Enquirer: 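This is the structure, below, for whatever I ask next.
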Amino acid sequence: MAKATRKRAVVVGGSMSGLLAGLLLRRADWRVDIFERVESPLSGRGAGIVAQAELIARLRALGLDTQGLGVSITTRKILNRKGEVTLETSCPQVLTAWERVYRLLRDAFPAENYHRGRAFVAFEQAGRGVVVHFADGEKIECDLLVGADGIRSNVRGRGLPDVVPRYVGYSAWRALIAESAIPPATHRDLFDFMSFGLPPGEQFLVYPVAGPDNDLRVGHRRFNMVWYRPADEATKLQWLLTDESGATHAISIPPPLIRRDAIAEMRADAERLLAPQFREIVRLVEEPILQPIYDLETPRMAVGRVAILGDAAFVARPHVAAGVSKAADDAAALVEALSRHDDVEEALRAFEAARLPENRRIIERARHLGAFLQATRNEEEQARAGRHSTDAAVISETATLDFLYA
Ligand SMILES: Cc1cc2nc3c(=O)[nH]c(=O)nc-3n(C[C@H](O)[C@H](O)[C@H](O)COP(=O)(O)OP(=O)(O)OC[C@H]3O[C@@H](n4cnc5c(N)ncnc54)[C@H](O)[C@@H]3O)c2cc1C
């Protein structure tokens, strides 16, 4: 009898936010189906993520086993151009891989309710429900639609068409390097740490993550490299996004298509600007990824019975490392509001009121930390750039959420 009255949720997007919301809704006794556009199993975009303490706590609260979640480090340091350590600080953290967290969540969600190769196209709100339309023509009626469909969210696009990502004036070169390839002296200097290089107006960063298939054995892990470099949107970014055949890509460029002279320029600049240990890492990079950095900020996270969360609602520049823990907090706030309010629309208003201010703080903080990397800056950004580009600021402010809980 109780089963017949269970409320039904449709979640669009089967990545982190969708799975977190799906798992929490199920625990709150909702009927939940997740619809993921991509047909094949999702796999990481080859980068590490910082498993913030808040995220680990959320995963544990879901009953998930977080043992061996990633590589634990205790110390951060900054190296100057000569390779000398100019600053060192203690900052214990767990560094994991996207796949590891995704797998944990995916394995906990029932396979029969996770539908791959199913793209959302539209919704309409009618009476006391939402009708959700899929590309294959199917329509599903539900009590709640959750848009967890990432930065280019179609769910957001239907309700809030003017909210679009904004390029911030710099891009990141990223790569993963096999631990076993790193020469012993450089391994000793760098591998067990999060290390920064700070050429003027730039930021180079390396830290260890698990190896393929979450291998945490010494010698089998990987080193994650990120190098933020200014790239003016009209000129340099266009050049970087133009491939060997002359075609310009709109948002990002597939790694095999990145022009050879752009990679050669990056390598030559590494020799000119970075510490010898970092140069050695760059020399080991086989196929770098180029990631233009975007901000996204929505004024609404709820439209009637439609909630949007995770990257569909807010995307912060990577410096605060908040992507997955912010998605987990959104999902938890949504389900908490639904458990307090019987009326779905009322619950969504409460969810929005709880999450908008915190998400805005995260976006703002990330803007402040990244201001010094922008190709151009207004006066206010110039002031922020000064405050957040010092060695002391970079080493203590990057990839921590202390500002939220201070
Ligand atoms: C395959 C993949 C790999 C990633 N790898 C990394 C990484 O290595 N490091 C890192 O820091 N971050 C990575 N991210 C980003 C990271 O997951 C997010 O920043 C963060 O976890 C918030 O996730 P999200 O679920 O809100 O959005 P996303 O992770 O972007 O997920 C959105 C999901 O919605 C799906 N979707 C989009 N449109 C539709 C539609 N119309 N119908 C149905 N489904 C749709 C997408 O296919 C995607 O799976 C990755 C994301 C994906 C999808």
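Just so it is clear, the model here is predicted, and its values are computed rather than measured. Only this structure's heavy atoms are used, side chains among them; waters, hydrogens and symmetry mates stay out. Counting convention: from 1, in listed order, for ligands and their atoms alike. Throughout, numbering of the chain's residues begins at 1 and tracks the sequence.
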Enquirer: List in chain and number order the residues that pass side-chain contact (heavy atoms from CB on, under 4.5 Å) with Ala353, two or more places apart in sequence or in another chain; answer none if no residue qualifies.
Expert: none

Enquirer: Centre of Tyr114's six-membered ring, under 6.0 Å away, within 45 degrees of the axis: is that where NZ or CZ of Arg106 sits?
Expert: yes

Enquirer: Considering the heavy atoms of Gly310, write down every atom of ligand 1 situated less than 4.0 Å from one of them.
Expert: 26 (O)

Enquirer: Whether Arg8 and Asp143 form a salt bridge (side-chain N of Lys/Arg under 4.0 Å from carboxylate O of Asp/Glu) is what I want to check.
Expert: no

Enquirer: With no hydrogens and no angle check, just 3.5 Å: does a side-chain donor-acceptor pair link His115 and Glu36?
Expert: no

Enquirer: Does ligand 1 have a heavy atom under 4.0 Å from the side chain of Arg118, from its backbone, from both, or from neither?
Expert: backbone

Enquirer: Are Phe35 and Phe134 near enough that their ring centres are under 6.0 Å apart?
Expert: yes

Enquirer: Between Phe35 and ligand 1, which residue portion shows a heavy-atom distance shorter than 4.0 Å: side chain, backbone, both, or neither?
Expert: backbone

Enquirer: Just grab all the side chain to side chain donor-acceptor pair (under 3.5 Å) pairs involving residues 203-212, residues at least two apart or on different chains.
Expert: Tyr207-Asn224

Enquirer: What atoms of ligand 1 come closer than 4.0 angstrom to any heavy atom of Ser17?
Expert: 23 (O), 24 (P), 25 (O), 26 (O)

Enquirer: Regarding Ser90 and Thr75, do their side chains bring together a donor and an acceptor under 3.5 Å, going by distance alone?
Expert: no

Enquirer: Quick check on contacts: which atoms of ligand 1 are under 4.0 angstrom from a heavy atom of Val38?
Expert: 47 (O)

Enquirer: Report the member of Val226, Asp311, Val324 with the shortest heavy-atom distance to atom 18 (C) of ligand 1.
Expert: Asp311

Enquirer: Decide whether an N or O pair under 3.5 Å exists between Arg37 and ligand 1.
Expert: yes

Enquirer: With a distance cut-off below 6.0 Å to the six-membered ring centre and an angular limit of 45° from the axis, does Arg152 pair with Tyr294 as a cation-pi contact?
Expert: yes

Enquirer: Taking both backbone and side-chain atoms of Phe120, is any N or O found less than 3.5 Å from an N or O belonging to ligand 1?
Expert: yes

Enquirer: Which ligand 1 atoms does Met16 reach within 4.0 Å, using its non-hydrogen atoms?
Expert: 17 (O), 21 (O), 23 (O), 25 (O)

Enquirer: Give the atom numbers and elements of ligand 1 that come within less than 4.0 Å of a heavy atom of Asn154.
Expert: 38 (N), 40 (C), 41 (N)

Enquirer: Relative to the heavy atoms of Leu42, which atoms of ligand 1 are at a distance of less than 4.0 Å?
Expert: 49 (O)

Enquirer: Could you list the atoms of ligand 1 found under 4.0 angstrom from a heavy atom of Ala119?
Expert: 42 (N)

Enquirer: Enumerate the atoms of ligand 1 whose separation from the nearest heavy atom of Gly150 is less than 4.0 angstrom.
Expert: 27 (O), 30 (O), 32 (C)

Enquirer: Any nitrogen or oxygen of Gly18, main chain or side chain, under 3.5 Å from a nitrogen or oxygen of ligand 1?
Expert: no

Enquirer: Side chain or backbone of Ile49 under 4.0 Å from ligand 1, or both, or neither, by non-hydrogen atoms?
Expert: side chain

Enquirer: If hydrogens are left out, which of Val101, Val50, Asp149 has an atom nearest to atom 39 (C) of ligand 1, that is, the closest non-hydrogen atom?
Expert: Asp149

Enquirer: Where the side chain of Arg156 meets the backbone of Ala312, is there a donor-acceptor pair that is under 3.5 Å apart?
Expert: yes

Enquirer: Could you give the distance from CG (Leu240) to CD (Gln238), rounded to the nearest 0.5 Å?
Expert: 9.5 Å

Enquirer: Ring centres of His187 and Phe223 under 6.0 Å apart?
Expert: no

Enquirer: Relative to ligand 1, is Ala148 under 4.0 angstrom through side chain, backbone, both or neither, heavy atoms considered?
Expert: backbone

